[in-house]
Protein chains: 2
Amino acid sequence: MAAEKRRISILGSTGSIGVNTLDVINQLGGRDAFDVQAITGSSNISLLAEQALTSGARLAVTADESRYGELKEALAGSTTEVAAGREALIEAASREADWVMAAIVGIAGLAPTLAAARRGADIALANKECLVSAGELFVNAVAEGGGRLIPVDSEHSAIFQSLEDDQHHAVERIVLTASGGPFRTWTRDKMKGVTADIARAHPNWSMGLKISIGSASMFNKALEMIEAKHLFNLRPEQIEVIVHPQSIIHSMVGYTDGSVLAQLGCPDMRTAIGYALTYPNRPKLDVERLDFAKLARLDFEAPDEVRFPALRLARAALQRGGAQGAVMNGAEETAFQAFCEGRIGFLAMADVVERVMDDMVMFPAATDMEGVFAADAEARRLAAEVITKTEMAA
Amino acid sequence: MAAEKRRISILGSTGSIGVNTLDVINQLGGRDAFDVQAITGSSNISLLAEQALTSGARLAVTADESRYGELKEALAGSTTEVAAGREALIEAASREADWVMAAIVGIAGLAPTLAAARRGADIALANKECLVSAGELFVNAVAEGGGRLIPVDSEHSAIFQSLEDDQHHAVERIVLTASGGPFRTWTRDKMKGVTADIARAHPNWSMGLKISIGSASMFNKALEMIEAKHLFNLRPEQIEVIVHPQSIIHSMVGYTDGSVLAQLGCPDMRTAIGYALTYPNRPKLDVERLDFAKLARLDFEAPDEVRFPALRLARAALQRGGAQGAVMNGAEETAFQAFCEGRIGFLAMADVVERVMDDMVMFPAATDMEGVFAADAEARRLAAEVITKTEMAA
């Protein structure tokens with residue numbers, strides 16, 4: 001038991017990362033060990049209220065202003081303050097927590113996470129836009145705030161765990177592992193016929209449609225490459241991707257002496273969350289242990305950038321710099337939405353993203369949050385145009 | 001380039017570890033970066049002399065007193081001092097080196113390595129008897145001397161590299177990988193007919209007959225389990241062995257949060273040697289890099305302690321404590337010799353070792369070097385007796 005309770009906040013507490021974060025917190029002592037400053041959610045008000053009551057959170061915020069009354073009612077008689085809306089999210093992020101889980105999904109997570117970073121909190125990062133879209137801006141904000149930035153994504157956590165202190169100069173490459181998704185062995189022709197329903201069945205993780213489709217197209221991995229660049233200050237050519245269908249090796253770091261360090265584990269996000277929470281110490285967690293005899297084998301294959309052009313596009317984004325990360329992300333989300341609506345095919349997603357990236361190659365890197373939003377919005381607008389043209393041509 | 005040259009010595013410089021150590025030293029600047037205090041060898045006088053001239057060693061020692069004149073002559077006119085015999089080995093180890101590669105094979109390596117450890121040098125350890133036979137005595141000598149102990153064996157180096165500073169309390173287990181040797185899939189019946197010639201063909205490493213047979217019987221792995229206990233201060237139940245035929249994952253550490261950290265590499269001992277030489281920094285080495293797509297797959301299987309009783313015997317030695325490590329090692333070397341001479345069969349080696357270990361279960365743990373030698377000698381004497389009886393019964 002720590003003499004003083006750790007002050008923490010969870011931005012995005014009702015999503016899978018948030019739920020798992022609260023599970024880890026419970027395993028590590030719950031209210032006896034942690035003083036929960038703020039939790040935030042969106043539309044799942046009953047879960048948010050329940051989490052507030054169980055964790056003893058001082059503030060509960062719903063991003064959805066129209067649900068304020070509902071949340072207020074659910075927490076009536078409790079000691080938890082209630083607020084709603086975008087400004088309230090930033091207020092939640094600004095509360096005096098030592099550690100903030102940044103798990104708000106999408107570009108909406110940028111402003112609150114930046115607020116927490118500038119304040120100097122340790123940031124456990126699960127929001128991808130902070131790095132993909134805001135890259136240097138975000139990394140600089142963390143550095144200026146003076147807190148630590150600890151990735152929660154299993155791949156980046158693995159790299160973080162495999163990096164040795166003070167040996168950045170000896171890092172030759174990082175090797176991001178990719179499950180390869182459900183279409184790993186499919187031809188391009190077969191992929192053409194893929195619908196959102198078919199893509200939903202991802203082999204190892206069950207984390208919703210966006211991630212399943214991102215895994216199937218390898219756009220997830222592509223965006224992780226961009227995140228890795230900013231997180232670990234790498235040159236584009238230092239970032240390698242290897243397909244590893246079992247997803248047991250979560251990622252690796254190759255050093256100048258020929259050594260490769262790797263982090264392995266069962267597919268359970270609580271390991272990375274717990275590591276981020278107690279870093280540099282390791283917690284004791286009730287999660288499944290790896291049984292190597294039961295695993296029996298681990299496979300590897302080179303990713304095919306013809307069938308999975310997302311990887312090629314990520315490499316272009318890394319080399320071009322500028323706003324290409326934000327552009328790639330905004331265009332991809334728009335294309336994904338159109339795919340889900342049956343407006344464009346599976347392979348057309350990458351075509352849309354590539355067109356938008358090429359059109360916006362001169363768009364300048366953001367120097368502030370407005371710049372990030374501008375690149376994102378322009379990418380979405382252009383993507384929508386390309387999608388409409390694609391539909392008309394079909 | 002370091003402003004001041006690092007003072008190093010290589011005990012056992014003409015063996016494969018020694019040769020590779022000098023290669024690493026050359027890669028890292030040779031005589032411009034290192035001041036070689038002493039090198040030692042045994043019967044390969046021409047190589048020893050050549051190494052002395054190339055490295056600029058201040059002292060060259062042959063363990064074989066009868067070869068003194070030969071070495072003296074080969075180094076005539078050079079600045080290298082020459083000496084011979086057991087006392088000279090200890091003198092070599094006692095020279096003021098900051099770092100000592102301890103690669104003298106067998107129980108003969110104990111006294112010189114202890115001398116270097118007591119003097120406070122950093123010890124790069126490649127001699128197994130220091131840990132298997134002298135265990136606590138040796139570890140205590142290093143601690144008292146104040147130097148670092150860095151393993152050079154690929155498995156222990158992998159564990160050392162996968163251990164995080166100050167997280168010993170969070171180490172749940174170590175997982176030693178074993179190639180399984182050439183008889184991995186053989187029945188006990190088939191193993192009965194094995195001769196020394198058949199056993200020589202080990203799949204991944206080519207390091208002489210002793211290691212090849214030790215790999216085939218898994219006695220190597222068994223002794224590594226005992227080394228790991230002392231090196232990393234582990235309880236017997238924390239030491240796991242997994243058969244991994246490709247030998248790419250060199251070993252792993254499992255933590256209380258479910259994470260497993262692993263070190264991987266091509267089978268090249270220079271990586272572990274270089275790491276030991278520059279620890280905690282990593283050197284830049286010209287060794288082969290892992291290509292995961294080319295590897296394609298890594299396999300794992302539970303070791304079979306019925307077909308490979310050495311592992312069961314190591315577990316017994318770990319649980320019994322006392323002098324069982326020294327006993328197991330002495331008996332195994334004697335049994336190995338008898339096997340090579342065709343006096344006993346492949347499977348009889350473990351039977352001999354088990355008998356001797358059982359007979360010496362009350363033999364006390366050594367409190368000094370003489371105690372280690374006594375346990376070793378008694379184990380060899382008893383093993384010889386058991387071997388003679390086995391021969392007579394056959």
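With hydrogens and angles ignored, the 3.5 Å screen pairs no side-chain donor or acceptor of A/Arg289 with any backbone N or O of B/Ser259.
When each of A/Gly274, A/Ala296, A/Ala170 is checked for heavy-atom pairs under 4.5 Å with chain B, A/Ala296 comes out on top. Of the residues considered (A/Thr278, A/Leu295, A/Asn281), A/Asn281 shows the highest number of contacts with chain B, using heavy-atom pairs under 4.5 Å. Heavy-atom pairs under 4.5 Å with chain A peak, among B/Val175, B/Thr271, B/Asp166, at B/Thr271. In terms of heavy-atom pairs under 4.5 angstrom with chain B, the leader among A/Glu164, A/Glu288, A/Lys294 is A/Glu164. Interface summary for chain A: among B/Ser157, B/Pro280, B/Gly265, the most heavy-atom pairs under 4.5 angstrom belong to B/Pro280.
In terms of the salt bridge (charged side-chain N to carboxylate O under 4.0 Å, His left out) criterion, A/Arg31 has no residue partners (sequence neighbours excluded). Qualifying salt bridge (charged side-chain N to carboxylate O under 4.0 Å, His left out) partners for A/Arg188, counting only residues two or more places apart in sequence or in other chains: none.
Here the shortest heavy-atom pairing between B/Arg297 and A/Asp299 reads CB-OD1, 3.6 Å. Minimum heavy-atom separation, A/Thr256 to B/Pro283: OG1-O, 2.8 Å. The nearest pair of heavy atoms linking B/Val287 to A/Gly258 is CG2-CA, 3.9 Å.
Rounding to the nearest 0.5 angstrom, the gap separating the CG atom in B/Leu264 from the CE atom in A/Met252 is 6.5 Å. The CD1 atom of A/Ile249 sits 5.0 Å away from atom CD1 of B/Ile249, with the distance rounded to the nearest 0.5 Å. Taken from CZ in A/Arg282 to NE2 in B/His169, the straight-line distance is 10.0 Å, to the nearest 0.5 Å. Taking CG of A/Leu28 as the reference point, atom CG of B/Asp257 lies at 10.0 Å (rounded to 0.5 Å). To the nearest 0.5 Å, atom OH of residue A/Tyr255 and atom CG of residue B/Leu285 are 14.5 Å apart.
For A/Ile242, the part sitting under 4.5 Å from any heavy atom of chain B is the side chain, from C-beta outward, and nothing else. For A/Ala293, the parts lying under 4.5 angstrom from a heavy atom of chain B are both the backbone and the side chain. Heavy atoms of A/Pro303 lying under 4.5 Å from chain B are absent altogether. Of the atoms belonging to A/Gln167, it is side-chain heavy atoms, and not backbone ones, that fall under 4.5 Å from chain B. When heavy atoms are compared at a cutoff of 4.5 Å, A/Arg173 approaches chain B solely by way of its side chain, counted from C-beta outward. For A/Gln27, no part sits under 4.5 Å from any heavy atom of chain B, backbone or side chain.
Between B/Phe292 and A/Thr177 there is no side-chain heavy-atom pair separated by less than 4.5 Å. Between B/Leu261 and A/Gln161, some side-chain heavy-atom pair lies under the 4.5 Å cut-off.
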